[in-house]
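Notes to accompany the following structure.
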Amino acid sequence: MQTIFFLIQKEFIQIFRDRLMPRIIIGVPLLQMLVLAFAATYEVKETRLVVVDFSVSTESKQFIAHFAGSKFFKVVAICSDFKKAERLLLQRKAHQILYIPGDFATRHMQGPPPSLQILTDGVDAMAAGIRTGYAFQVIELYNKNLQSALAGPLPSLGGLRFRELYWFNPELNYQTYMIPGILAVLVTILGMFLSSLNIVKEKERGTIEQINITPIKKYQFIAGKLIPFWILALFDLAFGLLLARLIFHLPMLGSLPLVFFIASLYLVIVLSFGLIISTLAENQQQALFIAWFFAIVFLMLSGLFTPVESMPFGAQVFNYFNPVAYFIKALRMILLKGSGLHEMSSIIGILSLYGLVALTFSVRWYRKTTS
Amino acid sequence: MISLQGISKIFGAITALDNISFEINKGEIFGLIGPDGSGKSTLLRILATLLRPSAGHAKIGKYDVEVDYKAIRKIIGYMPGQFSLYPDLSVEENLNFFAHIFGTRLEENYFLLRDIFTYLEPFRKRRASHLSGGMKQKLALSCALIHRPTILLLDEPTTGIDPVSRAEFLMLLKNLKKHEITILISTPYMDEASACDRIALFKNGKLLGVDTPGGFREAYKRTLYSIRGIRPARLLPELRTLPSHCWVYASGNEVKVSTPNPNEIYILREMLDRSTIKQNYQIHVIEPDIEDCFIARMKDTYGE
C-alpha cells in the first residue's frame with residue numbers, strides 16, 4: 001500500500017515538473033469545449049442558390065421570392081442560362097440550383113402540376129441532405145400560400161391534428177446532444193494517450209530496468225501508473241462539466257456522483273488499455289500510433305456523431321463491445337434525461353466487467369523481464 | 001557466492017554468451033572485462049534477473065536466478081549501463097523514491113552511503129538530468145546501495161566519465177569491501193583490472209579465462225617487446241613479414257611484439273635496421289599488462 005503511495009507521489013512530481021503535461025491537462029478541456037462544441041453542429045446556416053428561370057413570369061418571381069425570404073437561402077443569381085448556373089456550382093459559389101421550367105406559370109392553372117428540379121452539391125452529403133430538406137420546406141410553404149390564395153381560407157378539416165413535442169431536448173439543440181459526447185472524447189483521449197505514452201517512456205529512458213529489479217509487485221506498479229492518470233482524467237471531466245455548465249448551460253438533470261462513478265469505471269478500462277499498449281510498444285511513436293488507431297475506431301463507431309441505430313449490423317454488434325459507446329450513452333442519459341442508478345445498472349455491470357478484464361490483462365502482460 | 005554453470009544466451013542468430021561457467025567468491029571485487037559486444041552486459045542482466053538464460057544455471061547464494069528471482073531482487077543492487085534514474089527528479093527525490101520502493105529509508109543505511117554522499121551532498125536539490133557524468137554514476141551507485149544489498153552488479157559504471165571521476169568511483173568501490181559486499185563490475189577498460197581482486201576476460205560471448213590480474217600476468221609465457229619512437233602507422237607495415245607466431249599490435253603510441261622465442265629480438269632489430277625507416281627507436285622487453293594477456297588468450301582461443 002505504502003509502495004503504491006510512493007509510486008503515485010513520484011508520478012505526480014514528474015507530471016507537474018513536465019513542461020507540457022500541466023498545459024495539456026488544462027488546455028485540452030478548454031480547447032475541446034470552446035472549439036469542438038461550437039464546431040459540432042449540423043445546422044447549415046446559409047445555402048447559396050442559383051435560380052435558372054425559364055418561365056420569367058409573375059408566378060416564378062413570386063416563387064423565387066419565397067426562397068429569398070427564407071433565412072436559410074441566399075439567392076446569388078437568377079439567370080436563364082443553365083451552363084452559367086452549373087459553372088457557379090462547380091466554382092463552389094453556389095450550393096444549389098433551382099430549375100424552373102418554361103411552363104411553370106401555365107401549368108399552375110391547368111394540366112398536371114409543374115415539375116421543378118433542384119440540384120444540390122453533394123460533396124458534403126450531410127449538408128446536401130439538409131439543404132434539400134430546407135428547399136422542400138420552402139416549396140411546401142409556397143404550395144400552402146398558393147392554395148389559400150386560390151381557395152380562400154381553408155376550411156378546418158376534421159380528423160387528425162398533429163403537434164410535435166421533443167422530450168429531454170425540447171428545442172432540439174444540437175450542442176446539448178453533442179457536449180456529453182465531447183466530454184466522453186475528452187476523457188477517452190486524455191486517459192488513453194497519457195497512459196499509453198507513460199510506461200514506454202520509462203522503457204526509452206531505461207528507468208524501467210531500475211524499477212524491474214526492485215521487489216515491487218506487478219499490481220503495485222500498474223496501480224502506481226493507473227491511479228495518477230485516473231485522478232487527472234476525473235479532474236478534467238469535472239473541469240469540462242464546469243465549462244459545459246457555464247458556457248453552454250448544459251442541463252444536468254441526473255446525479256453528478258453517478259456521472260463520476262461511471263466515469264471512474266470507464267477510466268479503468270481506458271487506462272488499462274493504454275497501459276497495455278505502453279507495455280507492448282517499443283517506443284513512444286509506436287505507442288502513439290496504436291493508441292491513435294484504436295481511439296479513432298472506437299470513437300467513430302461509438303455513436304458520437306451518427307446514431308448507432310443507423311450503422312450497419314456489424315458495427316452495431318461491435319458496439320456491444322465498445323466501452324466508449326456505453327460511456328457516451330450513459331453520459332447522455334444521466335445528464336439529459338436524468339436517468340438514475342436503476343437505468344444505469346446494466347451499463348455499470350458491463351463496464352465493471354470490461355474494466356476487470358482490461359485491468360487483469362494490463363497486470364498480466366506487464367513483464368519485469370525482457371524476452 | 002555466485003556460481004555460473006554453462007550459461008548461454010542466444011538472441012536470434014547471435015550467441016551473446018556461449019557456455020560460461022565460473023564462480024565468484026563472497027566479498028570480492030570481480031571484474032568482467034572485454035570489448036563492447038562481448039556479452040558482459042548480458043551476463044549481468046541474467047544475474048540481475050532481467051533476462052533468462054537460454055541454457056545453463058546461475059545461482060546467487062542458494063537462490064537460482066530463474067526460480068528465486070524474487071528473493072534475488074531483495075539482495076542485489078543493479079546499476080544498468082545506461083543511466084536509468086529519473087532525470088526529472090532531484091538527487092534527493094531519486095534516493096528517497098528508491099529507498100521507499102525497497103521498503104527502507106535513506107537514514108537506515110546511511111553508513112553505507114556516507115563516503116559517496118560527501119560528493120553528492122552539494123547537489124541534493126539538483127535534478128538528476130543536470131548532474132555531470134561522474135555525479136550521475138555516484139547517484140546511481142547510491143541508489144543501487146540504498147537497500148543494503150549483499151551483491152552489487154555494476155554494468156560499465158566508468159564508461160564515458162572523466163579519469164578523475166573514474167578513479168574516485170573505483171576508490172568508493174574499494175571502500176565498500178569492508179561492508180562485505182560482493183561487487184561484480186563490467187568494464188571495457190583493461191587498466192581497471194588492477195582495481196579488481198579477480199577478473200574474467202570475455203570476447204564474443206566466450207570466456208577467455210578467470211584469474212587474478214597477477215595470475216594472468218604470470219601465466220603469460222611469451223616475451224614481449226615494446227618499440228617506441230616510430231609512429232605505429234609507419235612501423236606496422238614494416239613488421240608484417242615477421243613469422244606468424246609473432247604477434248604485432250599497436251598499443252597507444254607504441255608497437256608491441258610478442259614472441260614465444262626470446263631470441264627473436266635479433267631478427268626484429270635486423271629487420272628494423274634494414275628497413276626504410278631511418279629513425280631512432282627504443283626497444284625494450286616489458287612486462288605484460290592485462291591487455292596483453294587478453295590478446296594472448298584471444299589468440300589462443302580463436303587462433304589468428
Side-chain angles (χ1 to χ4, degrees), chain A residues 1-25 194 197-225 227-229 278-279 282-284 363 366-371, chain B residues 9-12 16 41-42 44-54 65-66 68-90 92-94 96-105 127-129 139-140 143-144 146-147 149 151-153 155:
Chain A
M1 209 49 226
Q2 244 203 331
T3 310
I4 296 176
F5 170 78
F6 287 115
L7 283 167
I8 295 170
Q9 186 190 38
K10 171 224 130 201
E11 214 63 51
F12 270 117
I13 293 178
Q14 287 187 301
I15 288 166
F16 289 114
R17 212 165 269 177
D18 193 277
R19 276 193 309 133
L20 219 58
M21 274 302 210
R23 291 180 205 187
I24 289 176
I25 290 158
L194 294 186
L197 288 178
N198 188 281
I199 295 180
V200 78
K201 189 171 168 191
E202 294 226 20
K203 255 192 232 177
E204 281 186 351
R205 283 173 164 183
T207 49
I208 198 116
E209 296 255 285
Q210 204 69 262
I211 292 285
N212 283 350
I213 53 119
T214 65
I216 194 171
K217 302 213 166 38
K218 283 183 182 183
Y219 80 87
Q220 292 174 326
F221 181 79
I222 293 294
K225 290 287 176 199
I227 294 169
F229 295 123
S278 208
T279 314
E282 279 156 25
N283 51 51
Q284 293 195 57
V363 174
Y366 166 57
R367 284 268 162 270
K368 287 186 79 181
T369 49
T370 36
S371 71
Chain B
K9 179 71 193 178
I10 294 156
F11 297 107
S41 297
T42 308
L44 282 174
R45 289 165 59 80
I46 287 173
L47 289 174
T49 72
L50 290 171
L51 273 182
R52 283 158 171 259
S54 309
V65 289
E66 283 186 89
D68 313 305
Y69 62 93
K70 280 184 183 158
I72 289 177
R73 283 174 184 167
K74 292 199 174 99
I75 59 163
I76 59 164
Y78 172 59
M79 201 176 137
Q82 184 198 353
F83 178 72
S84 53
L85 299 175
Y86 292 101
D88 40 4
L89 296 189
S90 70
E92 208 170 26
E93 286 163 342
N94 266 303
N96 281 323
F97 175 69
F98 283 101
H100 288 310
I101 294 291
F102 278 105
T104 175
R105 286 179 314 123
R127 292 194 196 172
S129 57
L139 176 59
C143 287
I146 204 137
H147 56 296
I151 291 153
L152 258 186
L153 305 170
D155 193 0

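Note that the structure is a prediction, hence the values are computed from the model and not measured. Protein chains get the first letters and strands the later ones, always in sequence-line order, with residue 1 at the start of each.
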Seminar exercise, completed: Whatever's closer than 4.5 Å to a heavy atom in chain B on A:I208 counts as neither
Problem set entry | Segment of A:E202 engaging chain B (4.5 angstrom heavy-atom cut-off) | side chain
Seminar exercise, completed: Note: vs chain A, highest number of non-hydrogen pairs under 4.5 angstrom among B:D88, B:I76, B:I72, B:I101 is B:D88
Exercise. What pair of heavy atoms forms the shortest contact from A:G206 to B:S84, and how long is it?
Worked result: O-CB, 2.9 Å
Exercise. Rounded to the nearest 0.5 Å, how far does NE2 of B:H100 lie from CD1 of A:I216?
Worked result: 13.0 Å
For this session: Determine the option with the most heavy-atom pairs under 4.5 angstrom with chain B, choosing from A:I213, A:I211, A:I13, A:T214.
Result: A:I213
Exercise. Taking all atoms of both residues into account, what is the closest heavy-atom pair of B:L50 and A:E209, and its distance?
Worked result: CD1-OE2, 3.7 Å
Exercise. What residue, out of B:M79, B:E93, B:K70, B:K74, has the most heavy-atom pairs lying under 4.5 Å from chain A?
Worked result: B:E93
Exercise. Do you know which two heavy atoms are closest between B:L89 and A:K10, and how far apart they sit?
Worked result: CD1-CG, 3.8 Å
For this session: Heavy-atom distances under 4.5 Å only: say whether B:Y86 touches chain A with side chain, backbone, both or neither.
Result: both
Exercise. What heavy-atom pair brings A:Q210 and B:L85 nearest, and what distance separates the two atoms?
Worked result: NE2-CD2, 3.8 Å
Exercise. Side chains of A:F6 and B:N96: closer than 4.5 Å at any heavy-atom pair?
Worked result: no
For this session: Assess whether atom NZ of A:K218 is packed by more than 12 heavy atoms of other residues, nucleotides or ligands within 6.0 Å.
Result: yes
Problem set entry | Region of B:Y69 that comes under 4.5 Å of a non-hydrogen atom in chain A | neither
